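I have placed the structure first, in the form of structure tokens, so that the comments after it can refer back to it.
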Amino acid sequence: MKAVIAVVALPVRTSLRRCAAKTMLTPKTTPTARRFFGASSSCYRQSLDPRNRFAPKEYLGKEIVDDYAILRDQYETPENPIVLAHGLLGFAELKLAGSFLPSIHYWHGIKDALSSRKCEVITTTVPPSSSVEQRAAELARGIEARAQGKSVNIIAHSMGGLDARYMISQLKPTGVRVKSLVTVATPHHGSTFADYLMDEIGPERLPSLYNIWERITGFETGAFNQLTKRYMTEDFNPKTPDDPAVRYFSYGAMVHEKPPFLSPFRLSHGIIHGIEGPNDGLVSVQSSQWGTYKGTLSGVNHLDLINWSNRFRFTWQKWTGRPPTFNAIAFYLDIADMLAKEGL
């Protein structure tokens, strides 16, 4: 349902699957792997790649370990409505079996928690895998229809942050007034994993794969090549300057251990870590930073950030005396509290 589904469906070479699983590379890996990981025998020796420009402690910012482990008694409410903007392959609400089964919400429990604290919340839906331009246009239409002229604060997960930036900078919709944009694990500087997939598939196979994707899902494919590091750094960012009238905040996240065997992030985490360093399984800490960087959520993956946490993992942690250190509800309530304190 999210970007991880597309990843599982795409072909990758067996040798690199083994690398990600073992987090080790031998000198006899593929040319693509050598280009991404250098001559090192370890996927985790990030200093060998010249694109990794920062030592880890220099760009982690504030490491947030357990600030959001539990709910506080009091949170302030921002003056303006909050817009929740979903990421790649996302949705606001998904009904798989009509009224027979409960709906699935992208922002699992988050909208209800904000609303219960008297926040006015708007959830938007944009085309799941269309281009940033198309998604941003739909985001603008959704906000304009729901906000009714009110100024808004946007909280965006993953690719939703790129949609919001493009809408603010390029579309400038007259019916939308944005006070602030808070991005959560948004790939502002692209993703090494997107580079890897594009390279492994190759330009000769991309059209046929895109055609299969569109026939099976009914979704467009414009988003995928826009998440590469080259596109973001050489095209998108130079053409999408910040609006001086808007406040920009960002958060990143990272997991500490190699994802387990069945994790959807098993492959991507290792590849990203080899070049960009700490990451949440899909987006690196380095790429997440834009505007005022509020800090790095420690021990949190890309799905934990929208409360799609692995309940079995959390239960096991409690049983073994290691209670979870992150509660997504507490995190988003704290963002709302921060916006209120900022007068937004």
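Remember, it's a predicted structure, so these values are computed and weren't measured experimentally.
- Note: W107 and H157 have perpendicular aromatic rings, judged against thresholds of 30 and 60 degrees for the angle between ring planes.
- Ring pair H302/F265 is perpendicular by interplanar angle, where above 60° counts as perpendicular and below 30° as parallel.
- A donor-acceptor contact closer than 3.5 angstrom is absent between the side chains of N80 and S151.
- In this structure, CD1 in I168 is found 10.5 Å from CG in D163, a value given to the nearest 0.5 Å.
- More than 12 non-hydrogen atoms from other residues, nucleotides or ligands lie less than 6.0 angstrom from NZ of K341.
- Residues I143 and V152 form a side-chain contact, since some pair of their non-hydrogen atoms from C-beta on lies under 4.5 Å apart.
- Side-chain N or O atoms of N279 include one that pairs as donor or acceptor with a backbone N or O of G277 at under 3.5 Å.
- At distances below 3.5 Å, at least one donor-acceptor pair connects side-chain atoms of T296 with backbone N or O atoms of L60.
- Residues N153 and P78 approach most closely at ND2-CB, 4.1 Å, considering heavy atoms.
- Between S288 and S250, every side-chain heavy-atom pair lies at or beyond the 4.5 Å cut-off.
- A heavy-atom distance below 4.5 Å is found between the side chains of I335 and Y251.
- Inter-residue side-chain proximity for V283 and T186 is flagged as unmet; no heavy-atom pair is nearer than 4.5 Å.
- Distance alone, capped at 3.5 Å, places no donor-acceptor pair between the E120 side chain and the E79 backbone.
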Requested in this report: May I have the step-by-step check of side chain to side chain contact (heavy atoms under 4.5 Å, CB included) for L297 and M254, ending in yes or no?
Outcome: CA-CA 6 Å; L297 299 161; M254 64 178 181; over 6 Å; no

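- Within 6.0 Å of atom CD1 in I212, more than 12 heavy atoms from other residues, nucleotides or ligands are found, so the atom counts as buried in its surroundings.
- Linking ILVMFWY side-chain heavy atoms closer than 4.5 Å, directly or via other members, places I275 and V255 in two distinct hydrophobic clusters.
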Report task. Could you go through the salt bridge (Lys or Arg N to Asp or Glu O under 4.0 Å) check for R141 and E138 one step at a time? Result -> CA-CA 5 Å; R141 284 190 283 269; E138 194 60 36; 2.9 Å; yes

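- Side chain of H189 to backbone of S284: no donor-acceptor contact under 3.5 angstrom is found.
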Requested in this report: Might you work through the side chain to side chain contact (heavy atoms under 4.5 Å, CB included) test for I64 and F331, ending with a clear yes or no?
Outcome: CA-CA 11 Å; I64 304 169; F331 173 56; 5.9 Å; no

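- Residues I154 and I122 are members of one and the same hydrophobic cluster, defined by side-chain heavy-atom contacts under 4.5 angstrom among Ile, Leu, Val, Met, Phe, Trp and Tyr.
- Inter-residue side-chain proximity for R135 and M159 is flagged as met; some heavy-atom pair is nearer than 4.5 Å.
- Across every non-hydrogen atom of D334 and Y75, the tightest pair is N-CE2, 3.8 Å.
- A donor-acceptor contact shorter than 3.5 Å is absent between the side chain of R146 and the backbone of G142.
- The NZ atom of K294 sits 7.0 Å away from atom OG1 of T292, with the distance rounded to the nearest 0.5 Å.
- T192 and E276 form a side-chain donor-acceptor contact under 3.5 Å, judged by distance and modelled atom types alone.
- For S298 and H256, the side-chain atoms include at least one donor-acceptor pair closer than 3.5 Å.
- When all heavy atoms of D304 and A328 are compared, the pair lying nearest together is O-CB, 3.7 Å.
- Contact check on K229 versus E234 returns no salt bridge, with no Lys/Arg side-chain nitrogen under 4.0 Å from an Asp/Glu carboxylate oxygen.
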Requested in this report: Just do the side chain to side chain contact (heavy atoms under 4.5 Å, CB included) check on L227 and L88 with the steps written out, would you?
Outcome: CA-CA 10 Å; L227 297 175; L88 180 69; 4.0 Å; yes

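- One hydrophobic cluster holds both Y68 and L71 under the rule that ILVMFWY side chains link at heavy-atom gaps under 4.5 Å.
- Distance alone, capped at 3.5 Å, is enough to place a donor-acceptor pair between the S116 side chain and the A113 backbone.
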Query - Evaluation steps, salt bridge (Lys or Arg N to Asp or Glu O under 4.0 Å), between R247 and D242 - result: CA-CA 9 Å; R247 301 281 301 280; D242 288 349; over 6 Å; no

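- Listed for the T240 side chain is a donor-acceptor partner under 3.5 Å among the backbone atoms of F236.
- Rounded to the nearest 0.5 Å, atoms OG1 (T183) and OH (Y293) are 9.5 Å apart.
- A heavy-atom distance below 4.5 Å is found between the side chains of R266 and K258.
- Taking a 6.0 Å sphere around CD of E204, one finds it holds more than 12 heavy atoms contributed by other residues, nucleotides or ligands.
- With Q226 contributing its side chain and V132 its backbone, the two residues share a donor-acceptor pair below 3.5 Å.
- Here the closest non-hydrogen pair linking T228 and N225 is OG1-O, 3.3 Å.
- Taking each heavy atom of R205 and I201 in turn, the nearest pair found is NE-O, 2.8 Å.
- Residues P259 and N301 form no side-chain contact, since every pair of their non-hydrogen atoms from C-beta on lies 4.5 Å or further apart.
- In this structure, I82 CD1 and L339 CG are separated by 5.5 Å, a value rounded to the nearest 0.5 Å.
- If you check the side chains of T125 and H86, you find no donor sitting under 3.5 Å from an acceptor.
- With hydrogens and angles ignored, the 3.5 Å screen pairs no side-chain donor or acceptor of Y166 with any backbone N or O of Q134.
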**Report entry** Test log, rule side chain to side chain contact (heavy atoms under 4.5 Å, CB included), inputs D243 and Y248
**Finding:** CA-CA 9 Å; D243 184 332; Y248 293 82; 3.8 Å; yes

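- Evaluated for a side chain to side chain donor-acceptor pair (under 3.5 Å) with H188, the options Q289, R165, Q286 yield exactly one hit, R165.
- Using a distance-only test at 3.5 Å, with no hydrogens or angles considered, a donor-acceptor pair links the side chain of Y332 to the main chain of L305.
- Annotation: the span from L139 atom CG to L171 atom CG amounts to 9.0 Å, rounded to 0.5 Å.
- Residues I271 and L267 form a side-chain contact, since some pair of their non-hydrogen atoms from C-beta on lies under 4.5 Å apart.
- Between I272 and G281, the closest heavy-atom pair is CD1-O, 4.1 Å.
- Distance CG/L282 to OG/S191: 7.0 Å, rounded to 0.5 Å.
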